[in-house]
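One structure is given below, encoded as structure tokens.
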Protein chains: 2
Amino acid sequence: MLIIGERINYTRAHIQEAIKARNSGFLVKEARRQIDAGAGYIDVNCAMSLGDEVQDIDWVVSVIQSEIGDVSICIDSPNYLAIKRALEAYRAKGRLFINSITGEGSRIDLIVPLAVKYNTALIALTMGDGGMPNSAEERFAIAKDILAKVSNKGFKAENLYFDPLIRPIATEPEQAREFLRSIPMIKSLGARTICGLSNISYGLPDRKVINSTFLAMAIQSGLDGAILDPTEKQIISSISAAQALICEDEYCAEYIKAFREGRLV
Amino acid sequence: MLIIGERINYTRAHIQEAIKARNSGFLVKEARRQIDAGAGYIDVNCAMSLGDEVQDIDWVVSVIQSEIGDVSICIDSPNYLAIKRALEAYRAKGRLFINSITGEGSRIDLIVPLAVKYNTALIALTMGDGGMPNSAEERFAIAKDILAKVSNKGFKAENLYFDPLIRPIATEPEQAREFLRSIPMIKSLGARTICGLSNISYGLPDRKVINSTFLAMAIQSGLDGAILDPTEKQIISSISAAQALICEDEYCAEYIKAFREGRLV
């Protein structure tokens with residue numbers, strides 16, 4: 001299970017302050033904290049920057065990698081120029097994700113060649129020209145279309161992570177089921193699946209309960225990765241247990257290690 | 001989701017003391033506590049009684065129902081005479097479960113006519129003459145065989161709850177996956193599924209994490225009920241969230257109620 005830590009996002013007040021003030025210590029601490037909690041990748045999102053997103057993301061990637069030499073980063077931006085600059089700034093020995101493309105042709109034309117050139121993994125939201133999909137079948141059809149387009153550009157299916165788009169159960173309860181149903185369908189294409197977790201519980205109390213329960217169900221359905229806050233113990237507990245329960249943790253060694261390190265609830 | 005509270009079991013020291021001392025107040029309190037926490041049924045198990053199981057289970061059923069007039073009870077015994085006596089003692093306005101039969105013919109011959117006569121639901125462990133099943137397919141084959149036998153005696157599939165037998169992941173990690181795979185297979189027969197939950201985490205630390213995560217995965221796979229300790233908040237949190245996530249809780253009303261009543265972690 002691939003865990004991408006979501007905390008370095010400009011929409012969070014402390015992160016915004018740190019970026020504006022060029023407080024590198026704070027950002028490095030946030031990155032380390034997420035890695036210690038179990039994140040394999042650090043998402044970096046400066047999209048809502050009040051300054052210049054391109055300069056901001058360049059600075060954030062540079063300071064994190066200068067302190068953590070093997071950090072793996074997920075470059076999260078709607079802005080082609082910001083993605084390009086972050087890729088150029090990256091010198092660490094980890095791996096890269098680009099987050100994200102959709103079925104939109106012009107964006108695929110811009111982003112996929114970058115992903116091929118820099119050998120990154122790529123997140124594709126299952127959104128086509130018709131807007132947000134409702135059924136699992138619609139998600140699958142969009143994924144198939146996107147896979148064909150990116151394969152044409154030399155990008156490998158195994159590095160493509162589809163996000164079948166979670167919607168809040170408080171307002172669209174049947175969408176959780178459709179999301180879960182879509183996972184094995186999409187994986188049958190040879191691609192992988194990922195999601196931004198927290199939307200599922202929007203509008204409900206005690207969100208960690210919904211988030212961690214849904215994650216267990218999604219892992220059971222075959223989910224390969226998630227973008228989430230790894231410092232939430234209930235989330236990490238759910239992932240550790242679910243990995244053991246689907247036979248992806250020999251002798252429950254990782255689960256027992258997480259317990260011993262005090263990372264479980 | 002049907003919740004059977006497991007706490008009234010002679011193997012628990014406080015219960016054993018209360019039964020020996022004929023301390024009805026303690027037992028009624030244990031029953032009420034489980035109902036308040038969300039249990040629909042109270043499991044009553046006196047099988048390890050050092051005295052007379054038949055007299056003990058008669059007394060336990062009698063005192064609980066005298067205080068809780070609509071209590072539903074799960075009569076849990078390997079002993080035909082104890083089950084028969086408990087059925088005779090039951091006068092409350094709830095429903096009854098008998099726990100359990102296996103594929104063993106002589107036991108089916110004794111117990112199923114009682115279940116028909118008293119209109120109870122019935123738990124059947126997927127154990128045949130060949131001992132414990134390993135694969136989902138073996139569980140399904142045993143369930144099919146048991147269903148045929150009990151149907152012959154006039155018992156309805158919809159009242160039959162198969163327990164596909166959880167084994168500890170610490171020692172048999174692939175058994176969790178086989179258990180989960182068997183649920184939709186067994187349900188395709190028109191029968192229901194149930195499990196005794198806590199075995200899954202035997203031998204591991206922080207058992208509530210494994211138990212609650214596995215329960216979410218099992219509910220996602222279609223599990224209809226579980227025998228568990230409803231006073232564990234993490235378990236009830238997992239059930240409440242999972243029910244909402246599989247669209248079995250309109251407007252998340254039950255989830256929000258459980259939160260307001262302080263029943264979630």
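As a basis for the values below, the full set of heavy atoms in this structure was taken, side chains included, without hydrogen atoms, waters or symmetry mates. To find a chain, count down the sequence lines: A is the first, B the second, and so on, and within it residues start at 1. Just so it is clear, the structure is predicted and the values come from calculations on it, not from any experiment.
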With a 4.5 angstrom heavy-atom cut-off, which part of A:Leu215 approaches chain B: side chain, backbone, both or neither?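 No part of A:Leu215 comes within 4.5 Å of chain B.
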Heavy-atom distances under 4.5 Å only: say whether A:Leu204 touches chain B with side chain, backbone, both or neither.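 Answer is side chain: those atoms of A:Leu204 sit under 4.5 Å from chain B.
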Close side-chain approach of B:Ile169 and A:Cys252, heavy atoms under 4.5 Å: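 With C-beta onward as the side chain, the pair touches.
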Looking at A:Lys187, I want to see if its NZ is surrounded by more than 12 non-hydrogen atoms of other residues, nucleotides or ligands under 6.0 Å.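 Yes, NZ of A:Lys187 has more than 12 neighbouring heavy atoms, counting only those of other groups under 6.0 Å.
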Heavy-atom pairs under 4.5 Å with chain A: which of B:Ser201, B:Ala216, B:Ala218 has the most?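 Of B:Ser201, B:Ala216, B:Ala218, B:Ala216 has the most heavy-atom pairs under 4.5 Å with chain A.
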So which residue, B:Val265, B:Ile246, B:Ile219, B:Leu264, ends up with the most heavy-atom pairs under 4.5 Å with chain A?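 If we count pairs closer than 4.5 Å to chain A, B:Val265 comes out on top.
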Might you point out which heavy atoms bring [X] and [Y] nearest each other, and give the distance in Å?
| X | Y | answer |
| --- | --- | --- |
| A:Met217 | B:Ala242 | CE-O, 4.0 Å |
| A:Ser238 | B:Thr213 | O-CG2, 3.7 Å |
| B:Leu245 | A:Ala176 | O-CB, 3.5 Å |
| A:Ser237 | B:Val209 | O-CG1, 3.5 Å |

Part of [X] lying under 4.5 Å from any heavy atom of chain A:
| X | value |
| --- | --- |
| B:Phe179 | neither |
| B:Ile200 | side chain |
| B:Glu250 | neither |
| B:Phe214 | both |

Scan B:Glu178, B:Glu174, B:Gln175 and name whichever one has a side-chain contact (heavy atoms from CB on, under 4.5 Å) with A:Cys247.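 Answer after filtering B:Glu178, B:Glu174, B:Gln175: B:Glu174.
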Tell me if a side-chain donor or acceptor on A:Tyr255 pairs with a main-chain N or O of B:Pro205 at a distance below 3.5 Å.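 Yes, the answer is positive, given that a donor and an acceptor are paired below the 3.5 Å cut-off.
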